Amino acid sequence: MEEIHPAGSLSWRLSSHPITLLFFLGFRISSLLVYLFGMLFIHNFVLIFIITILLLAADFYYLKNIAGRRLVGLRWWNEVDPQTGDSHWVFESSDPSTKVINATDSRFFWIALYSQPLLWIGLAIVAIFSLEFIWLTLVVIALSLTVTNTLAFSRCDKFGHASNLAGSALNTGGLARNVAGGMIGRFFSR
């Protein structure tokens with residue numbers, strides 16, 4: 001008898017993009033596992049440092065450029081204005097009328113996105129209390145990469161919700177008409 005999972009449950013079989021999801025989770029988990037098991041069993045700082053950094057870089061790239069776009073329809077990047085040298089983040093979200101986000105993909109994405117920085121913070125605390133300050137350098141690099149992606153995707157998600165709300169208000173006119181009507185009504189009612 002086959003087990004039935006409700007929509008949005010944490011079963012990779014319900015994913016719209018199972019290979020993307022498995023690679024995403026694999027990169028997320030592998031850097032933590034290499035750090036933990038390397039610290040406990042191998043004791044070769046240079047080897048663990050290099051492997052963990054490579055896995056973190058692959059995770060950063062894959063999350064930013066592939067998994068975010070395919071799993072939740074979000075993408076971000078940083079642009080530098082050549083005239084002024086100012087840098088700004090650019091956020092992009094898929095149109096909800098053309099891309100339906102799978103609830104399972106979304107849950108896996110957001111849980112993994114927010115849990116990894118928390119785990120690295122826990123490992124930083126362990127490194128501090130065990131007086132292994134050399135390992136703290138690796139944890140700080142991991143935190144900077146994971147927190148950057150977490151903040152960027154959080155802002156991207158908020159930007160996507162705001163632009164979708166504005167787009168639907170302008171297209172249907174309902175929200176814009178109600179707000180404008182309320183403002184004009186209050187102005188003339190005095």
Side-chain angles (χ1 to χ4, degrees), residues 1-39 51-78 89-126 138-169 171-172 175:
M1 186 166 141
E2 187 174 321
E3 188 177 333
I4 297 175
H5 300 285
S9 66
L10 291 176
S11 171
W12 67 272
R13 289 185 176 98
L14 296 175
S15 173
S16 296
H17 307 285
I19 294 174
T20 303
L21 180 63
L22 291 175
F23 271 97
F24 166 65
L25 294 174
F27 283 131
R28 295 252 99 177
I29 293 167
S30 63
S31 60
L32 286 164
L33 291 178
V34 166
Y35 175 82
L36 285 173
F37 289 125
M39 193 170 82
I51 293 172
T52 304
I53 290 294
L54 289 173
L55 289 170
L56 285 166
D59 173 54
F60 184 86
Y61 175 84
Y62 192 79
L63 172 59
K64 181 181 164 305
N65 295 311
I66 298 168
R69 183 176 48 83
R70 295 203 65 196
L71 297 177
V72 291
L74 300 173
R75 205 168 70 152
W76 67 272
W77 62 92
N78 192 347
W89 288 10
V90 179
F91 303 110
E92 181 180 273
S93 62
S94 62
D95 184 12
S97 63
T98 60
K99 179 171 175 68
V100 177
I101 305 301
N102 181 316
T104 298
D105 290 339
S106 180
R107 285 193 65 205
F108 267 117
F109 181 84
W110 293 111
I111 288 171
L113 187 73
Y114 287 116
S115 64
Q116 187 161 16
L118 296 175
L119 293 170
W120 283 111
I121 288 171
L123 292 172
I125 293 168
V126 168
L138 182 57
V139 174
V140 168
I141 293 169
L143 271 171
S144 66
L145 290 172
T146 57
V147 167
T148 299
N149 255 339
T150 303
L151 289 175
F153 276 108
S154 297
R155 289 182 183 173
C156 192
D157 187 44
K158 289 178 185 171
F159 169 77
H161 288 310
S163 64
N164 290 339
L165 178 65
S168 65
N171 289 339
T172 61
L175 180 63

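Side-chain atoms are counted along with the backbone in the values below, which use heavy atoms only and exclude waters and symmetry mates. Only a predicted model underlies this, so the values are computations on that prediction, with no experimental measurement involved.
Under the 6.0 Å distance and 45° angle rule, R155 counts as a cation-pi partner of W89.
T20 contributes no side-chain N or O that, together with a main-chain N or O of A67, makes up a donor-acceptor pair within less than 3.5 Å. When atom types are taken as modelled, the side chain of R28 and the backbone of A112 share a donor-acceptor pair closer than 3.5 angstrom.
Among all heavy-atom pairs drawn from W120 and T52, the shortest one is CH2-CG2, 4.2 Å. Taking both residues in full, the closest heavy atoms of L123 and L36 are given as CD2-CD2, 3.4 Å, listed atom of the first, atom of the second, then distance. Nearest approach of L71 to L21, heavy atoms of both residues: CD1-CD1, 4.1 Å. Of all heavy-atom pairs between F109 and G68, the closest is CE1-CA, 3.7 Å. Here the shortest heavy-atom pairing between T150 and P117 reads OG1-CG, 3.4 Å. When every heavy atom of F91 is checked against every heavy atom of A152, the shortest pair comes out as CE2-O, 3.5 Å.
Side-chain contact between Y35 and L55 is absent, with no heavy-atom pair separated by less than 4.5 Å. The shortest distance between side-chain heavy atoms of K64 and T148 does not fall below 4.5 Å. Counting only heavy atoms from C-beta outward, the side chains of V90 and W76 never approach each other to under 4.5 Å. The side-chain heavy atoms of L74 and E92, taken from C-beta on, include no pair separated by under 4.5 Å. The closest side-chain heavy-atom distance from I141 to I53 is below 4.5 Å. You'll find the side chain of I121 reaches within 4.5 Å of the side chain of L143, heavy atoms only.
Note that CG of N149 and CG of D59 are 7.0 Å apart. Values are rounded to the nearest 0.5 Å. Expressed to the nearest 0.5 Å, how far CG of L145 lies from CG of L56 amounts to 6.0 Å. In this structure, R75 CZ and I66 CD1 are separated by 11.0 Å, a value rounded to the nearest 0.5 Å. Note that CG of L22 and CD1 of I29 are 9.5 Å apart. Values are rounded to the nearest 0.5 Å.
Here F24 and Y62 keep their ring centres 6.0 angstrom or further from each other.
In Y114, the OH atom is crowded: over 12 heavy atoms of neighbouring residues, nucleotides or ligands sit closer than 6.0 Å. Under a cut-off of 6.0 angstrom, the local environment of CZ in F60 is crowded, with over 12 non-hydrogen atoms contributed by other residues, nucleotides or ligands.
Counted by atom type alone, W77 and N65 present zero donor-acceptor pairs between their side chains at under 3.5 Å.
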